[in-house]
A.B. asks: 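The structure that follows is given in the form of structure tokens.
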Amino acid sequence: MRADPLWREPVAHLARVQPDTAVMYFCPAVLQATARRFRAGFDGLVTYAVKANPRAEVLENLVAAGIGAFDVASPEEMRAVRAVLPDAVLHYNNPVRSSDEVAFGISMGVASWSVDCAGELDKLAGVPRTAEVSVRLALPVAGAAYDFGEKFGADAEGAVRLLRRVAEMGFVPSMTFHPGTQCTDANAWAAYIHACAEVARRADVRLARLNVGGGFAAHRAGAQGPDLEAVFARIRGEVNAAFGAAAPALVCEPGRAMVNDAFTLAARVKALRKCRAVFINDGIYGGLAELRDIAQGDRVSVHAPGGAQRVGPRAPRVVYGPTCDSLDRLPDPVALPDDLAEGDYLLFHGQGAYSLAIATRFNGYGPGAPVTVARL
Ligand SMILES: *Cc1c(COP(=O)(O)O)cnc(C)c1O
């Protein structure tokens, strides 16, 4: 599957190779374990939101761990998935599509489509009636790092009308929502589940499935990651309470929580300034792009070039990226050990989601192809 050598762990590679460019380390074992955790704990179909990290080695390892259905947003993502798994089930849950994109989705045999307005449902007239159409609901709920309801989703009134039309048109009627990414409050799922049950009741349509979205929180700070099993149990409990005997089958589509922990980014200290600012060789145009939109967390370890961990007392320091753009600075100061030295490596743990997917090569920087490791 991969040609590059398998290293024991990132520090073994750093100490030996002493790379002077940013390196993303990928651990297939962690990714597969996370996929199995979702499959064991979530009482429904687990799909993967490809946009979080669309690299072939990610898709391949998810397939190896039993994931066969994928949330795709574009023709390119459909091709990427089918290249790895020719009979992959495609859920096309970007609710705004050009008519050419709809035609492409039909040609790929998309199994499930989401909609949030009548105009988008009209565009699906040529879709075979064996397909599922999920009405996407938006609520003003809190709990996530940023809100997905601002851009997509019908309000309850609109959702009732759409769901009736989906059923009248002969599609398999379902509903979906997304509580917002890095959602740390399970009350968001509870609110959506009850609101979907209410929409279905008012529309007088029995839902085939309920897709509870992505949004599951990844481990960004502290010693312990989020208790996903507690969220899964809450979701099941709320679905049973809200729908009773008419409970639909469940689907989830994690992106971030699936792939976050399988990658660690190493960036090297290029220079230390007297003002205590630190310059490193990756930043917001590369593997740390998402830090502009989401809080940094504290999962950063520091290693000397020989591999030894720096354990001095930590204090916050301003960190600049490598490009000649003054915006290239991490939004929040990073707590770094006082024995930090030029040539050291900062390891940003849990960097698999929305990193390689959005990294640029601006100014000739940005991480290259990931290096595979046996553990992180
Ligand atoms: C982005 C997205 C996801 C994945 O969200 P995460 O917060 O990364 O889990 C799932 N479903 C849809 C429709 C999305 O747009």
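Ligands are counted one by one from 1 in listed order, and the atoms in each one are counted from 1 as well.
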A.B. asks: With a 4.0 Å heavy-atom cut-off (strictly under), which part of Ala52 contacts ligand 1: side chain, backbone, both or neither?
C.D. replies: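 Within the 4.0 Å criterion, Ala52 makes no contact with ligand 1.
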
A.B. asks: With respect to Asn93, determine whether any N or O atom, backbone or side chain, lies less than 3.5 Å from an N or O atom of ligand 1.
C.D. replies: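 N/O-N/O distance below 3.5 Å does not exist for this pair.
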
A.B. asks: Would you call Ala257 a ligand 1 contact, heavy-atom distance under 4.0 Å?
C.D. replies: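 No, that is not the case, since the closest heavy atom of the residue is not under 4.0 Å from the ligand.
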
A.B. asks: Between Ile280, Asp298, Val319, which is the residue that forms a side chain to side chain contact (heavy atoms under 4.5 Å, CB included) with Val334?
C.D. replies: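 The side chain to side chain contact (heavy atoms under 4.5 Å, CB included) with Val334 is passed solely by Val319 among Ile280, Asp298, Val319.
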
A.B. asks: Under a 4.0 Å threshold between the charged nitrogen and the carboxylate oxygen, would Arg234 count as salt-bridged to Asp227?
C.D. replies: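 Result for this pair is no, no salt bridge flagged.
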
A.B. asks: Heavy-atom distance under 4.5 Å between the side chains of Val212 and Glu238, does that happen here?
C.D. replies: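 The answer is no; the side chains never approach within 4.5 Å.
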
A.B. asks: Under 4.0 Å from any heavy atom of Thr181, which atoms of ligand 1 are there?
C.D. replies: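 Counting atoms of ligand 1 from 1, those under 4.0 Å from Thr181 are 6 (P), 7 (O), 8 (O).
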
A.B. asks: Can you name the atoms of ligand 1, numbered from 1 with element, that are less than 4.0 Å from a heavy atom of Ala49?
C.D. replies: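 Near Ala49, the atoms of ligand 1 are 3 (C), 4 (C), 10 (C).
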
A.B. asks: Check this for me, if you would: do Glu120 and Arg136 make a salt bridge, where the nitrogen-to-carboxylate-oxygen distance has to be below 4.0 angstrom?
C.D. replies: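 Between Arg136 and Glu120 there is no salt bridge, as every charged N stays at least 4.0 Å from the carboxylate O atoms.
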
A.B. asks: Does some non-hydrogen atom of Arg136 fall short of 4.0 Å from ligand 1?
C.D. replies: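 Judged by the 4.0 Å heavy-atom criterion, Arg136 does count as contacting ligand 1.
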
A.B. asks: Please identify which atoms of ligand 1 are closer than 4.0 Å to at least one heavy atom of Glu253.
C.D. replies: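 So the answer, numbered in order with elements, is 3 (C), 4 (C), 10 (C), 11 (N), 12 (C), 13 (C).
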
A.B. asks: Tell me whether the NZ or CZ atom of Arg292 lies within the 45° cone about the ring axis of Tyr285 and under 6.0 Å from its centre.
C.D. replies: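 Yes; both conditions hold, so Arg292 lies above the ring face of Tyr285.
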
A.B. asks: With sequence neighbours excluded, tell me which residues meet salt bridge (charged side-chain N to carboxylate O under 4.0 Å, His left out) with Glu101.
C.D. replies: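 Applying salt bridge (charged side-chain N to carboxylate O under 4.0 Å, His left out) to Glu101 gives none.
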
A.B. asks: Between Val127 and Val102, which heavy-atom pair has the shortest distance, and what is it?
C.D. replies: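 Scanning both residues, the minimum pair turns out to be CG2-CG1, 4.5 Å.
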
A.B. asks: With respect to atom 15 (O) of ligand 1, which of His178, Lys51, Gln182 exhibits the smallest heavy-atom separation?
C.D. replies: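 Checking each option, the heavy atom nearest atom 15 (O) of ligand 1 is found in Lys51.
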
A.B. asks: Taking Arg317 first and then Asp338, would you say they form a salt bridge - that is, a charged N and a carboxylate O separated by under 4.0 Å?
C.D. replies: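 No salt bridge links Arg317 with Asp338.
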
A.B. asks: Does Asp71 approach ligand 1 within less than 4.0 angstrom via side chain, backbone, both or neither, non-hydrogen atoms only?
C.D. replies: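 It is the side chain that gets close, since no backbone atom is under 4.0 Å.
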
A.B. asks: Any atoms of ligand 1 less than 4.0 Å from a non-hydrogen atom of Pro254? List them with their elements.
C.D. replies: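 Answer, ordered by atom number: 9 (O).
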
A.B. asks: Any N or O on Gly215 sitting closer than 3.5 Å to an N or O of ligand 1?
C.D. replies: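 Between Gly215 and ligand 1, an N or O pair is found under 3.5 Å apart.
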
A.B. asks: Any non-hydrogen atom of Tyr354 lying under 4.0 Å from ligand 1?
C.D. replies: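 Contact present.
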
A.B. asks: Which atoms from ligand 1 have a heavy atom of Gly255 less than 4.0 Å away?
C.D. replies: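 Selected atoms, number and element: 4 (C), 6 (P), 8 (O), 9 (O).
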
A.B. asks: Could you tell me which atoms of ligand 1, counted from 1 in the order shown, lie closer than 4.0 angstrom to a heavy atom of Arg256?
C.D. replies: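 Going through ligand 1 atom by atom, the ones under 4.0 Å from Arg256 are 6 (P), 8 (O), 9 (O).
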
A.B. asks: Determine whether a donor-acceptor pair (N or O, by modelled atom type, separation under 3.5 Å) exists between the side chain of Arg202 and the backbone of Ala156.
C.D. replies: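 Side chain of Arg202 to backbone of Ala156: no pair is present.
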
